[in-house]
Engineer: 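Sharing a structure below in structure tokens format, with a few things to ask.
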Amino acid sequence: MKIKYDLIHKDKNSEARLGVIHTNYGSYETPMFMPVGTQATVKTLSPEELKDVKAGIILSNTYHLWLRPGEDVIDKAGGLHKFMNWDGPILTDSGGFQVFSLAKPKDITEEGVKFKNQYNGDNLLLTPEKSIEIQNKLDSDIAMSFDECVGFPHTREYVEKSVERTLRWAKRGKDVFNNPRQSLFGIVQGAEYEDLRKHCVEELVKMDFDGYSIGGTAVGEPKDIQYLQVEYSTKYLPKDKVRYLMGVGDPIDIIENVIRGVDIFDCVSPTRLARHGHALTKFGKINLKNAKYKMDFTPIDESCDCYSCKHYTKAYIKHLLNAEETFGARLLSIHNIRYLIHLTEELREAIKEDRTLEFREEFIKNYYGEHHE
RNA sequence: GCGGAAUUGGUGAAGUGGUUAACACGCCGGAUUGUGGCUCCGGUAUGCAUGAGUUCGAUCCUCAUAUUUCGCC
């Protein structure tokens, strides 16, 4: 079945929404944070650990699974859920972000995007049709349209052309889409131009997608521009469909964009930060490699209920990082993902009680406050 | 006891009679946003064993001392 979104309550003082998304693999409340498992695994975590941190939907990537192991392997395995032993919902990104991160401008044409296979040098062409075909085979719960994620900075002229192409690509993908168990999202582009965002939303809504994503953010733009990009999108999106902001995962940005009407987030940051020794805490981000934690026998975050905080100290995790033991990155990944998911839990409570704006004030005071070094 | 060789930062080391002593590791910081997973960017020896001498000038030359190491008795 297709996913279904129910709006439960809208915050009285902002655009923040408390909702429920119903999937083939259970129902989950929004706002929610999706951990990223690009290559059919959330780096260093087992599915059991993902359940422990209360993960709902996880995200995987069409481009990477296409190259390795190939969609036919996963199809043969019985689909992505069986292949990776994950019985929760999965969303697959279309490869659109790789257009931004890997392709050169000359590689982008109306037909699709040319890539070089990073493993064997083969020339590859990813098209909207191909992306959807792969995702249909992967059998994820939510597929994304193949779009062009435009970086920052850019010219308005380029964005205008890119939005039109992204719309044509969305249509082409939708026309070949044929997995009845799967839902398909359209992606709103248009950079920081309100008229382009509005136009993009209107055209996507005409095509009637199962949900909508906001793209073109978290690509190096200043925060105020990011927030405008989101405002200019949610302002025009239908209230009865879920909104997913792609790539955003900074704690403050999650709060700011929930306030602007976003329901779902994803970001590689909790796992990447973990691999580089950083932990998110109530009092800001800390670097556990710092010498000051050598004798710190307290948990990362006293207020955190995760496995790592319940059983391990900063000094121990610092030791693991210094010794390049992978358990350190795993403990930090567990913590950071739990941290962001817990943040969305708190946001849901706040929305329920119409105090989202107050929650933001209090959170920022702690996060950037004098406690933070 | 005699003879040889060596002595540069936390470590391994390059180097030159003349402005700021290479590089690597380590250490100390910072970055990271729909992940091209051990990445990227900074900082890190006011000093070349110690003392004396030669020289306009010495880490680099000379002598002594100390330490290490090798060989011989």
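In what follows, chains carry the letters A, B, and so on, assigned in the order in which the sequence lines appear, proteins first and then strands, with residues in each chain numbered from 1.
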Engineer: Establish, for the pair A/K318 and A/Y293, whether the NZ or CZ atom is under 6.0 angstrom from the six-membered ring centre and no further than 45 degrees off its axis.
Structural biologist: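 No, A/K318 does not sit over the ring of A/Y293.
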Engineer: B/U46 and B/G71: how far apart are their C1' atoms, nearest whole angstrom?
Structural biologist: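 Their C1' atoms lie roughly 41 Å apart.
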Engineer: Hey, does the side chain of A/Q226 come within less than 4.0 Å of B/U33's phosphate (OP1/OP2), counting only N and O?
Structural biologist: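 Checking B/U33 against A/Q226, no side-chain N or O comes under 4.0 Å of OP1 or OP2.
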Engineer: Between the protein and nucleotides 38-43 of chain B, list every N/O to N/O distance that falls short of 3.5 Å.
Structural biologist:
from, atom 1, to, atom 2, distance (Å)
B/C38, O2, A/E324, OE1, 3.3

Engineer: Between B/U35 and A/T271, counting only base atoms on the nucleotide and side-chain atoms on the residue, is there a donor-acceptor pair under 3.5 Å?
Structural biologist: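 When only heavy-atom distances are counted, A/T271 does reach the base of B/U35 through a donor-acceptor pair under 3.5 Å.
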Engineer: Please convert RNA chain B into dot-bracket. A pair counts if it is Watson-Crick or G-U wobble with both distances under 3.5 Å; crossing pairs go in [ ] and bases paired with another strand get |.
Structural biologist: (((((((..(((.....[....)))((((((.......))))))....(((((..]....)))))))))))).
Engineer: Polar-atom pairs under 3.5 Å, protein N or O versus N or O of nucleotides 9-12 of chain B: list them with distances, or write none.
Structural biologist:
none

Engineer: Closest heavy-atom contact between A/N85 and A/E48?
Structural biologist: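 Nearest heavy atoms, A/N85 then A/E48: ND2-OE2, 4.2 Å.
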Engineer: Verify the contact: side-chain N or O of A/Q98 to OP1 or OP2 of B/G36, cut-off strictly under 4.0 Å; return yes or no.
Structural biologist: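 A/Q98 to B/G36 OP1/OP2: side-chain N or O found under 4.0 Å.
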Engineer: In whole angstroms, how far is the C1' atom of B/G29 from the CG atom of A/L288?
Structural biologist: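 Roughly 14 Å, once rounded to whole Å.
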Engineer: Say we look at B/G1 and B/A24: how far apart would their P atoms be, to the nearest angstrom?
Structural biologist: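 Pairwise P distance, B/G1 against B/A24, rounds to 45 Å.
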Engineer: Is a donor-acceptor contact shorter than 3.5 angstrom present between the side chain of A/K285 and the base of B/U32?
Structural biologist: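 No such pair is found, so the answer is no.
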Engineer: Roughly how far, to the nearest 0.5 Å, is the NZ atom of A/K174 from the CZ atom of A/F185?
Structural biologist: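 Going from the CZ atom of A/F185 to the NZ atom of A/K174 covers 12.5 Å.
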Engineer: Going by modelled atom types, is there a donor-acceptor pair between the base of B/U32 and the side chain of A/R272 at under 3.5 Å?
Structural biologist: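 Under the 3.5 Å cut-off, the side chain and the base do not form any donor-acceptor pair.
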Engineer: Is any side-chain N or O of A/S269 closer than 4.0 Å to OP1 or OP2 of B/U33?
Structural biologist: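 So the side chain of A/S269 is outside the cut-off, no N or O lying under 4.0 Å from OP1 or OP2 of B/U33.
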Engineer: Mark yes or no for a side-chain to base donor-acceptor pair under 3.5 Å between A/H278 and B/U32, with no hydrogen or angle criteria applied.
Structural biologist: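 Pair found.
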Engineer: Does any N or O donor sit under 3.5 Å from an N or O acceptor when you compare the side chain of A/N290 with the base of B/G29?
Structural biologist: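 No pair found.
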Engineer: Please give, in whole Å, the distance from B/G26 P to A/K318 NZ?
Structural biologist: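 Nearest whole value for this atom pair: 13 Å.
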Engineer: Can you name the side-chain contact (heavy atoms from CB on, under 4.5 Å) partners of A/P89, sequence neighbours left out?
Structural biologist: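 side-chain contact (heavy atoms from CB on, under 4.5 Å) check on A/P89 returns A/T23, A/Y25, A/Y28, A/I57, A/D141.
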Engineer: Determine: side-chain N/O of A/N61 to OP1/OP2 of B/G34, distance under 4.0 Å, yes or no.
Structural biologist: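 No, no such contact exists.
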Engineer: Sequence neighbours excluded, which residues qualify as salt bridge (Lys or Arg N to Asp or Glu O under 4.0 Å) partners of A/E110?
Structural biologist: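 A/E110 satisfies salt bridge (Lys or Arg N to Asp or Glu O under 4.0 Å) with A/R168 only.
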Engineer: Identify, residue by residue, the members of residues 24-33 of chain A with a heavy atom below 4.0 Å from RNA chain B, and return them in order of residue number, or none.
Structural biologist: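 The stretch gives none, as no residue of it lies under 4.0 Å from the strand.
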